[in-house]
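Everything below concerns the one structure shown next.
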Amino acid sequence: MMYTDDLRDYCLAKPAVTEGLPFGEDTLVFKVGEKIFLLTGIGSNTFNVKCDPELAVELREKHSEVLPGYHMNKKHWNTVQMDGGLTNKQLHEMIDHSYDLILKSLPKKLQQEIGANA
């Protein structure tokens with residue numbers, strides 16, 4: 001089972017990730033290149049991640065712990081429960097997918113800078 005501290009450590013270990021509280025003191029936001037790839041409530045057992053739309057539907061159908069993104073574009077975001085129903089490997093794969101999607105959406109020059117510093 002993953003907890004907020006583990007989630008935070010995992011996200012911050014990725015190249016060029018920053019964290020902040022732009023939506024208030026209760027919502028921790030992780031960005032790469034100033035674009036959000038993960039949000040979580042402080043002390044929450046859920047997080048929101050960006051997801052390819054087809055994969056998002058597939059994950060929701062396969063896992064009851066994966067729901068349409070709460071307060072997000074439900075086509076592109078999933079809310080994932082960290083209640084022990086999914087393995088840490090599965091959670092990491094969802095986080096990695098979100099990070100990679102955002103990284104690929106950044107300008108090529110910025111992608112190269114992040115890659116060079118990784």
Side-chain angles (χ1 to χ4, degrees):
M1 191 157 139
M2 186 180 280
Y3 298 97
T4 305
D5 288 343
D6 302 321
L7 176 68
R8 182 176 178 267
D9 292 344
Y10 188 78
C11 291
L12 290 174
K14 297 189 160 304
V17 169
T18 59
E19 69 177 326
L21 300 165
F23 305 120
E25 60 187 45
D26 295 332
T27 305
L28 190 56
V29 174
F30 295 92
K31 297 179 180 183
V32 59
E34 296 304 312
K35 288 190 171 187
I36 297 170
F37 75 93
L38 188 143
L39 302 93
T40 187
I42 293 182
S44 173
N45 71 337
T46 65
F47 61 84
N48 287 352
V49 281
K50 189 146 188 173
C51 192
D52 172 79
E54 289 180 20
L55 180 58
V57 171
E58 180 183 322
L59 290 170
R60 292 173 199 162
E61 290 173 352
K62 192 173 179 181
H63 304 288
S64 61
E65 299 85 1
V66 181
L67 306 165
Y70 182 69
H71 286 297
M72 305 296 283
N73 179 325
K74 289 164 183 23
K75 180 177 179 182
H76 296 280
W77 288 84
N78 280 338
T79 296
V80 181
Q81 297 174 343
M82 300 182 292
D83 59 6
L86 296 168
T87 65
N88 280 357
K89 182 178 188 272
Q90 290 170 312
L91 297 172
H92 289 169
E93 287 171 353
M94 292 179 205
I95 296 165
D96 294 346
H97 178 71
S98 181
Y99 175 87
D100 291 343
L101 278 176
I102 297 302
L103 185 62
K104 289 175 187 170
S105 75
L106 298 175
K108 294 289 182 207
K109 183 178 181 191
L110 186 52
Q111 288 181 43
Q112 291 169 347
E113 288 173 13
I114 290 169
N117 293 328

Glu65 (side chain) donor-acceptor with Asp83 (main chain) under 3.5 angstrom: no
Measure across Ser44 and Thr4 and return the closest heavy-atom pair with its distance rounded to 0.1 Å. O-OG1, 3.3 Å
Checking Thr18 now: which residues fulfil side chain to side chain donor-acceptor pair (under 3.5 Å) with it, not counting sequence neighbours? none
One should read off an interatomic distance between Leu55 CG and Met94 CE, to the nearest 0.5 angstrom, of 8.0 Å
Within the distance-only criterion (no hydrogens, no angle test), does the side chain of Lys74 pair as donor or acceptor with the backbone N or O of Pro68 below 3.5 angstrom? no
So does Val49 get a backbone contact from the side chain of His97, meaning a donor-acceptor N/O pair under 3.5 Å? no
Calculate, to the nearest 0.5 Å, the distance between atoms CG and CG belonging to Asp6 and Leu91 respectively. 10.0 Å
Non-hydrogen atoms of Cys11 and Ile95 that approach each other most closely: SG-CG2, 4.1 Å
Working to the nearest 0.5 Å, report the span between CG of Asp96 and CG of Leu101. 11.0 Å
Tyr10 and Asp5: side chain to side chain donor-acceptor pair (under 3.5 Å), yes or no, with the steps? CA-CA 9 Å; Tyr10 188 78; Asp5 288 343; over 6 Å; no
How many angstroms lie between atom OG1 of Thr40 and atom CD of Glu19, to the nearest 0.5 angstrom? 11.5 Å
Less than 4.5 Å apart, side chain to side chain, heavy atoms only: is that true for Val80 and Leu67? no
Taking the side chain as C-beta and beyond, is there a heavy-atom pair between Asp26 and Ile42 under 4.5 Å? no
Does a donor on one side chain sit under 3.5 Å from an acceptor on the other, for Tyr70 and Asn78? no
Any donor and acceptor pair, going by atom type alone, linking the side chain of Tyr99 with main-chain N or O of Pro15 inside 3.5 Å? yes
Contact between Leu12 and Arg8 at the side-chain level, heavy atoms closer than 4.5 Å - yes or no? yes
Tell me, please, which residues at least two apart from Thr27 pass side chain to side chain donor-acceptor pair (under 3.5 Å). none
Is the shortest side-chain heavy-atom distance between Leu28 and Phe47 below 4.5 Å? no
Take atom CZ in Arg60; do more than 12 heavy atoms of anything else shown fall under 6.0 Å from it? yes
Can we say Glu58 and Lys62 salt-bridge, meaning some charged N sits less than 4.0 Å from an Asp/Glu carboxylate O? no
Can you get from Val32 to Leu110 by hopping between Ile, Leu, Val, Met, Phe, Trp and Tyr side chains that sit under 4.5 Å apart? yes
Taking the side chain as everything from C-beta on, heavy atoms only, tell me whether His76 gets closer than 4.5 Å to Asp52. no
Can you confirm whether Leu103 sits close enough to Phe37 that some side-chain heavy atom of one is under 4.5 Å from a side-chain heavy atom of the other? no
I need the Cys51 SG to Leu59 CG distance, nearest 0.5 Å. 5.0 Å
Tell me who clusters with Ile36, hydrophobic residues only, linked when side chains sit under 4.5 Å apart either directly or through other members. Phe23, Val29, Leu39, Met72, Trp77
Side-chain contact test, heavy atoms from C-beta onward, threshold under 4.5 Å: evaluate it for Glu61 versus Val66 and give yes or no. no
Contact check, side chains of Val17 and Lys31, non-hydrogen atoms, under 4.5 Å: no
